[in-house]
Visitor: 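Below is the structure I would like to discuss, written out as structure tokens.
Treat the numbers as computed from the prediction; the structure is a model and nothing was measured.
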Amino acid sequence: MKIIIIGGVAGGASAAARLRRLDEKAEIIMLERGAYISYANCGLPYFVGGVITEKSTLTLQTPQSFYERFHIDVRIHTEAIKINPQEKKVTIRNTETNEIYQEDYDKLILSPGAEPIKPQIKGINDSRVFTLRTVPDTLKIHDYIQQNKPKTAVVVGGGYIGLEMAENLNHAGMDVTVMERADHIVAALDADMACLVQRYIKEKGIRLILNNSVQELLPTESSVEVIYDSGSLSADLILMSVGVKPESHLAKEAGILCNESGCIKVNEYLRTSQPDIYAVGDAISVCNFVTQEETYLPLAGPANKQGRIVADHICGHKRRFKGTQGTSVLKFFDMTVATTGIHEQQAKNAGMDYDKVILFSPSHATYYPNAIHMMIKTLFEKNTGKILGAQLVGFEGVDKRCDILATAIRAGMTAYDLTELELAYAPPFSSAKDPVNMVGFTIENILENLVRQHHWHDIEKLSQNNNVTLLDVRTEKEYAAGAIQGSIHIPLDQLRNRLTELDKSKPIYINCKSGQRSYIACRILEQHGFTCSNLSGGYEFYHLVMAEQNV
């Protein structure tokens with residue numbers, strides 16, 4: 001059997017290696033138009049910032065090492081320029097010699113990846129404007145910094161790569177501005193959770209401009225003037241990080257079905273619409289594991305798994321790709337941002353009957369030194385408690401909890417299942433009730449009507465309603481430092497002795513710092529005949545979101 005793979009990196013290289021492990025006799029040819037067949041593209045920003053210092057560490061496999069270990073014919077600087085599905089032939093061009101030739105195939109795997117989106121604006125092709133996708137992109141930025149010593153940089157796009165580059169350009173000594181056309185950064189986060197990251201960005205000395213698009217770039221001899229919706233600024237270096245689009249032109253020209261966004265359409269076995277042609281990685285549309293809707297999620301982890309599944313299928317093992325849930329994590333200075341499953345807008349678009357809880361939980365036992373709180377937002381199905389998505393922002397233990405919740409989503413687990421998880425506990429690592437357990441307990445209380453809840457976005461309307469009572473159960477010191485307008489104050493430990501100060505005819509909306517003490521207050525008052533609701537996430541979250549949104 002002869003298999004041609006167009007493109008390397010995550011999907012193509014993993015498919016090639018798996019094919020060889022399954023079939024020692026197969027003829028496997030990998031075509032890569034660049035010089036690198038397998039590299040750590042997620043590590044590219046850290047070479048720019050000097051965290052990764054050796055260029056060689058970015059290259060995971062070379063053509064020689066790949067051949068020596070797997071006996072795979074790797075052809076770099078070699079571009080597939082045409083596919084003929086009827087004759088099962090690929091037309092190939094050597095980009096160094098311009099030689100054109102053909103190879104036939106029994107099976108063909110497309111792994112062309114994606115390319116950075118470059119807005120069609122004036123000045124986009126100036127030599128000081130960069131994108132970051134490949135090793136050559138990284139080396140180009142690195143060399144420019146070494147030779148020109150830029151002092152200012154603008155990163156256009158507040159996604160994961162944009163923020164990682166903002167950090168690393170800051171490490172390289174530049175004053176950095178991040179510009180994002182949406183109302184918040186990190187599209188995988190809801191706007192309220194993004195507020196935590198946005199506050200931290202500014203604390204690290206990075207300027208943030210939201211709700212603005214770049215209109216044009218005006219190069220001068222000394223810098224580039226960035227003209228955006230509400231103003232302008234000058235920078236010595238511009239990084240465009242506004243997303244990627246699938247490189248699917250070869251597939252389209254071969255009559256392979258693509259969607260309106262240009263993504264190659266595949267079935268559960270990653271087969272395209274043409275016989276014996278598969279596709280993997282950043283060029284394909286995938287099924288969202290939670291909503292079961294078609295989506296585009298270009299991530300390295302799924303691409304690697306897709307490569308393995310295709311190899312299995314070609315060799316007779318009927319593996320299926322069951323979809324992507326978008327689990328991802330970002331390190332930004334000392335902060336960790338992690339997401340899995342769907343966020344609120346996706347839930348609304350899919351017509352899901354969902355609810356959410358927001359927890360302010362310590363990373364480990366609070367009596368052990370240096371416990372740091374993390375914010376966890378979890379979406380769940382109202383009637384079943386099934387976990388739909390989670391967003392986590394903090395400094396320690398965030399990735400661990402995200403991975404647990406990602407596993408829960410993949411397994412179809414509910415909040416009740418989370419309460420029963422037996423997770424590793426010792427004071428330096430966790431609490432006897434891990435934050436994931438606490439997510440389960442909190443949702444369980446809501447499902448069983450032990451507590452009602454309201455959210456930060458309900459407060460403005462509640463503050464204007466004379467028929468409700470807003471109650472703050474924090475300490476005197478906490479209340480004096482800032483409180484919800486119109487709230488009355490009764491510390492939790494005094495509540496049982498001051499019940500007569502509250503009106504049973506009015507629903508009581510209670511808050512504390514994190515939502516824990518106010519939950520206890522709700523249970524006290526409910527059992528004394530009051531109707532109560534707990535502020536999810538507490539005053540800490542409410543205050544942060546309001547402060548960021550009112551900037």
Visitor: Less than 3.5 Å apart, any donor N or O on the side chain of Gln345 or Asp190 sitting next to an acceptor on the other?
Guide: no
Visitor: Where do Lys122 and Leu218 land on the side-chain contact (heavy atoms from CB on, under 4.5 Å) test, with the steps shown first?
Guide: CA-CA 7 Å; Lys122 182 179 178 181; Leu218 300 179; 4.0 Å; yes
Visitor: Under a plain distance cut-off of 3.5 Å, with no hydrogens placed, do Gln485 and Ser463 share a side-chain donor-acceptor pair?
Guide: no
Visitor: Once the angle between the rings of Tyr539 and His543 is folded into 0 to 90°, is it parallel (under 30°), tilted (30 to 60°) or perpendicular (over 60°)?
Guide: parallel
Visitor: Any side-chain donor-acceptor pair under 3.5 Å between Thr95 and Glu79?
Guide: no
Visitor: Within the side chain of Ser261, is there an N or O that forms a donor-acceptor pair under 3.5 Å with the backbone of Cys263?
Guide: no
Visitor: Got more than 12 heavy atoms from elsewhere within 6.0 Å of CZ, Phe429?
Guide: no
Visitor: Would you find a donor on one side and an acceptor on the other, under 3.5 Å apart, between the side chain of Asp458 and the backbone of His455?
Guide: yes
Visitor: Please lay out, stage by stage, how His171 and Phe333 fare under the test ring-ring contact (aromatic ring centres under 6.0 Å, His included).
Guide: CA-CA 10 Å; His171 287 326; Phe333 292 93; 5.5 Å; yes
Visitor: Give the minimum heavy-atom separation between Tyr67 and Ile72, together with the two atoms involved.
Guide: CD1-O, 3.3 Å
Visitor: Do Arg133 and Asp282 make a side-chain contact, defined as non-hydrogen atoms from C-beta onward lying under 4.5 Å apart?
Guide: yes
Visitor: Show the numbers, then the answer: is there a side-chain contact (heavy atoms from CB on, under 4.5 Å) between Asn98 and Arg93?
Guide: CA-CA 6 Å; Asn98 280 324; Arg93 181 173 68 91; 2.9 Å; yes
